[in-house]
Structure formats: C-alpha cells, structure tokens
> 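I'd like to ask some things about the structure below.
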Amino acid sequence: MDDRAIGMFDSGFGGLTVARALIDLVPAEDLVYFGDTGRYPYGPRSLDEVREFARQITAMLVERHDVKMVVVACNTAAAAALELLRFEHDIPIVGVVDPGVRAALAATRNRRVGVIGTVGTIGSGAYQRAVRSTRAEVELTCSACPGFVEFVERGETDSEQVHVLAERLLAPVKDAGVDTLLLGCTHYPFLARTIGDVMGREVVLVSSAEETAFEVLDILEETGLGRRTAGKGRHRWVSSGDVAWFRSLGARLFGPEIENVEAWTWD
Ligand code: DGL
C-alpha cells in the first residue's frame, strides 16, 4: 500500500479528460495534475522540445510532489518521451497511446479506424506503430488537426469557426469510411459534439481516457501501490500559466472541484 499521490500532466486542459476518468475509477487516490498552460500548445513544437518538457515536468512531479506514478495525459508528450521517461524513472509511467488503440480496436466493426491528433503526434508515427504492434488487421487513416487544441484552450468548444475547421480537417478520415475515430489528443473529447456532428452518428468516437484509467487501476492492483486510506482523495491542480484562467475554464470544462490552482514558474 502506498498513500502517495498519482501525478498527471498535459500541455494544458486536455489531460482533464483523463483526470475525470481516473477520479471516477479510483476516487480514493490523491492526484496532482499539472497543466503546462504557460507553454501550450505542444503539438506544433519539435518532438525534441516536447521531450525535454516532459522530462522536466516528470522530474518536478517526482521530486517536489513525491508521486508514486506518472500519467502522461498528453498524446504529444507520450509520443515524444514515454520510453525515455520509463527508462529514467523507477515508478510506473503510463501513456495514452496504447490504451487508446486498445479501445479503438475493440470498437471498430468495419476494421477501418481513423486517428486524429496534433501535428507532433501524427508526425511521430506513434499511432501507426502502436496499431502495427497489435497485429490487428485494420486500415488506419491518420490526420493531424492543427488548431483544435487552441480552440479548447480558449474555451471555444462549439463555435461556428471550430465547426468550419473541423469540416476541413476531418475530411480525410470521413472520406476513408472509418466507423471508429480515435481522439488521439486529450483535448479533443471537449470538441466531441462538433467532431460528432461532422463525422455523423454512425461513427463511434473513442477517447483514451477510460482505458488509461483502467490501466492505472490494473497497475495499482498488480503492484500493491493503491492507497491504504479509503474516502475521497485530495486533488491538487498546478498550472504554469494564468492560474485564474485555469480555475475558470477548468471549472467550466471539468467541474467545480477545480477551486484552488497553484502557480508554478519554470526557472
Ligand atoms: N492534449 C495534448 C495531446 O494530447 C495537446 C497537445 C498540444 O498542446 O498541442 O496531444
């Protein structure tokens, strides 16, 4: 048994979709969530730069918050750095790419699966590799959606403009006849209504959030790292950007639990 908190991070608000699933599944666990809103978006940056950010944040969560596990709740950071973080730390490090792939493969019926993500994630080939490693016989269509993250970070989740952008960016996956669309960026579930409208009702939208939470639960059970104390866990929210904005948009996207947001400044 281990009463230390679970650490989780994203470039900003996207990882809150994973935090929600995790808190619902393991409510007794303490959580420290870090949103790197001072440096978002990660998607257009080079993978080398994102890898350094991910290393820096993981080290901060381990050294300052003494976390027992880190969930990389950002596809771009997971695509850039997951293996390296696992090599550098001796605590479990959980990503979102493999859980998302598992969920998408379980959902597809016509074996045509779409994946959308940031330019960094799609360009990294992480999804193409993850699907190949399962040996599943599926036709995969990947498409980058630059601009989606910025709409979410501005709190604009179903405006006319985001709809117009979605029509354009989702055309390749729509034309490919996919019956399952994996939201390969943790921000995208906040755009689910717009994405769903554009793709049509018959296409299932899959997020990696729930499957990632199940992976955390499995690890807690297998390793005995679960919290001894029952009851509701404590949740801390930390942001490298404007904390007032994190609190107000976070409360809107996530819920009123986001009350106190701690500021973090990179030296
Ligand atoms: N939520 C991050 C992801 O899953 C968004 C990255 C960004 O900041 O562009 O990829």
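In each ligand, atom 1 is the first atom listed, and ligand 1 is the first ligand listed. One-based numbering along the sequence shown.
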> Among residues at least two apart in sequence or on other chains, which ones pass ring-ring contact (aromatic ring centres under 6.0 Å, His included) with Phe254?
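Result, ring-ring contact (aromatic ring centres under 6.0 Å, His included) vs Phe254: Trp237.
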> Not counting sequence neighbours, which residues clear ring-ring contact (aromatic ring centres under 6.0 Å, His included) with Phe9? List them please.
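Residues passing ring-ring contact (aromatic ring centres under 6.0 Å, His included) with Phe9: none at all.
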> Run the side-chain donor-acceptor check on residues 122-131: report pairs under 3.5 Å with partners two or more places apart or on a different chain.
| from | atom 1 | to | atom 2 | distance (Å) |
| --- | --- | --- | --- | --- |
| Ser124 | OG | Thr121 | O | 2.6 |
| Ser124 | OG | Ala126 | N | 3.1 |
| Tyr127 | OH | Asn75 | OD1 | 2.4 |
| Arg129 | NH1 | Ser124 | O | 3.1 |
| Arg129 | NH2 | Ser124 | O | 3.3 |

> Do Val18 and Phe148 sit in the same hydrophobic cluster, where Ile, Leu, Val, Met, Phe, Trp and Tyr count as joined when their side-chain heavy atoms come under 4.5 Å apart?
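Shared cluster, yes.
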> What distance do Asp98 atom CG and Leu82 atom CG have between them, rounded to the nearest 0.5 Å?
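Rounded to the nearest 0.5 Å, the CG-CG separation comes to 8.0 Å.
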> Taking non-hydrogen atoms within less than 4.0 Å of ligand 1, which protein residues qualify?
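Within 4.0 Å of ligand 1, protein side: Asp10, Ser11, Pro41, Tyr42, Gly43, Cys74, Asn75, Thr76, Thr118, Val149, Cys185, Thr186, His187.
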> Measure the acute angle between the ring planes of Tyr33 and Phe246, then classify it against the limits of 30° and 60° as parallel, tilted or perpendicular.
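Tilted.
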